[in-house]
Each structure stands twice: as C-alpha cells, then as structure tokens.
**Student:** 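Please find one structure pasted underneath; my questions will follow.
In what follows, chains carry the letters A, B, and so on, assigned in the order in which the sequence lines appear, proteins first and then strands, with residues in each chain numbered from 1.
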Amino acid sequence: MAATKQKRRGAHLEMVGGKGGRQRVWEAIRANRDGFYLADISRAAKVDLATVRTYVQALERGGFIQQCNVTVKLAEAKQFALVKDNGLEAPRLTAEGKPVIQGLINEAMWRTMRMVRDFNFHELAALSSTTEVSVAPGTARTYLRHLATAGYLIEIDKGHGKGAGGIPTRYRFNPARNSGPRPPMIQRTKSIYDPNLGQIVWQEEPDHDC
DNA sequence: ATTATGCAAATGGTGTAGAG
DNA sequence: CTCTACACCATTTGCATAAT
C-alpha cells in the first residue's frame, strides 16, 4: 500500500555488476567486516531491512559471515562479522545459503569462447560441458546466436547453413569484445547487457531507416 | 527422405518486495 | 520472523526451413 511500491527492476539495475540489491549489502558488509548490525547495513546500503535480513541469513548459512554475540536472538540486534571474504562481488546465494547454479552454464560457454579460437555451437556445447555442468546444444545455439547478433562473435564461415552435410555455421570470438570475465546477459527486453562494461551493448535496433 | 540449422515461444528457477 | 506473491533472467523444447 505504500506509495513507493517498488517492483523488481531490470537486471542491470540490481543484479551482479550493477547497483542496488545484494551487491550493496555485500559492499557494506565488507566495509564493516569486523562487526556490523543489520540496521547499519540497511542504512549504509540504502536497502530495505527485510532484504538485508534475507541476504544476511543466506550469507550466514553459507558460512560467509558469523554472528558475534550469540546471546542475542533478535535479528536486528545481532552483530555479524565477515569470516569468508570472497573479495569479489556479492556471492549469489539462495535462501538456503547454497550457491546459485543459474548462470553457470552461461559462464562456462563464455569462458570456452574466449579460449577457443573458432567453433560451431556443437563444439562449444561439448567443450563447455564439464562434470559439473552440462551444456545442451540447443542452449549453446541460442546463446551463440544472441552473442553473434550483439557483435561479440564473428561469423567466419557460414558454410552450408542448413542440411545434412554437417557443416554448421562457424563463429569466431571477437577479441575486441572481450570485455571481461562476466558473460553478457541476454535480457528479456531483447537487449544485451554487459556486466563488465556496465551498460547495454546492443538493442533491438530501433533504427529502421528506409 | 533424412538430418541439421535457425527462429520463436514456453517453462523453470531464483531474487526481491510486501504483508501477516 | 515467516510466508506469499510477483517480476525477471536462464534454459529447454518444438516447429519451420533448407540442403544433402
């Protein structure tokens, strides 16, 4: 009923690599690693207390932080300390404190792409697949297609685009677009956001000049 | 006729926000 | 403090098209 009913915003505004949300909380925690309270974090990060509480709980379960004054039971009065600093960006944890698997496949493909010179989506799927993650050919195909559209990949051999010849489109990673370790995310709005650059790198081409 | 690619839409999973 | 609802990204699957 609050006038400021904040619905969830775009990924580039709250997810990893952006601002707001858990990222701010994590930064605030790092700034006060010796000891902090939920209220401090909430105020410093300018994040709703409930959100802070949720994330802190996840961090605690994940073993990233530890409560100092165990005697206190009230969450708002609890004092935590950072015991496991990833140093990087905010760990993506589920409420259970377990690492999020979402995006793992994406990252695997992104990493493979930067290592291998050229490839087709079949090879990418095979190379990206590990014992931990299995990349479906279809997924690789989709991701590859989007990246190519965004200019991250160069189509070096269109070959025989279709048919039973076994010559799929061959792509090559564009070094100029090697922006960083974070894989670009394909947003729901048909746009592609690069967490490394912190900006939209491609949109659905509003340009329709005839 | 068979097989693979390309495109598109549907579904699932996760995080955030709010209310009880 | 716990629970429910909602929004968004990621992934999977199906259909249409085209060549061997």
**Student:** Separation of A:M185 atom CE from C:dC8 atom C1', in whole Å?
**Tutor:** 11 Å
**Student:** Within a radius of less than 6.0 Å around CZ of A:R114, do more than 12 heavy atoms belonging to other residues, nucleotides or ligands occur?
**Tutor:**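 Buried by this count: over 12 neighbours within 6.0 Å.
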**Student:** Just the rounded figure in Å: distance from C1' of C:dC15 to CZ of A:R141.
**Tutor:** 11 Å
**Student:** Let me spell it out: for each of A:G138 and A:I186, pick the nucleotide of DNA chain C with the closest heavy atom. Which residue's pick is nearer the 5' end?
**Tutor:** A:I186
**Student:** If you compare every side-chain N and O of A:H146 against the phosphate oxygens of C:dA10 (OP1, OP2), does one of them come in below 4.0 Å?
**Tutor:**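 Indeed not, no polar side-chain atom of A:H146 lies that close.
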**Student:** Can you tell me which nucleotide in C:dT11, C:dA10, B:dT5 comes closest to the side chain of A:H122?
**Tutor:**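 So the side chain of A:H122 is nearest to B:dT5.
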**Student:** Expressed as a whole number of angstroms, how long is the span from A:L147:CG to C:dA10:P?
**Tutor:** 11 Å
**Student:** Could you verify whether a donor N or O on one side chain and an acceptor N or O on the other, from A:N106 and A:Y143, lie under 3.5 Å apart?
**Tutor:**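 Yes.
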**Student:** Nearest whole angstrom, please: distance from the P of B:dG6 to the CG of A:L124.
**Tutor:**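 Between P of B:dG6 and CG of A:L124: 13 Å.
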**Student:** Could you walk me through whether A:Y152 and A:D194 pass the side chain to side chain donor-acceptor pair (under 3.5 Å) test, one step at a time?
**Tutor:** CA-CA 11 Å; A:Y152 282 88; A:D194 193 326; 2.6 Å; yes
**Student:** B:dG6 C1' sits how many Å from A:L144 CG, rounded?
**Tutor:** 12 Å
**Student:** Is any side-chain N or O of A:N106 closer than 4.0 Å to OP1 or OP2 of C:dT11?
**Tutor:** yes
**Student:** Identify the residue among A:L124, A:L127, A:N174 that makes a side-chain contact (heavy atoms from CB on, under 4.5 Å) with A:M113.
**Tutor:** A:L124
**Student:** When the distance from CZ of A:F121 to P of C:dT11 is rounded to whole Å, what number comes out?
**Tutor:** 16 Å
**Student:** Give the rounded distance in Å between these two atoms: CD1 of A:I192 and P of C:dA10.
**Tutor:** 11 Å
**Student:** Whole-Å distance between B:dA8 P and A:R145 CZ?
**Tutor:**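 One finds 9 Å between P of B:dA8 and CZ of A:R145, rounded.
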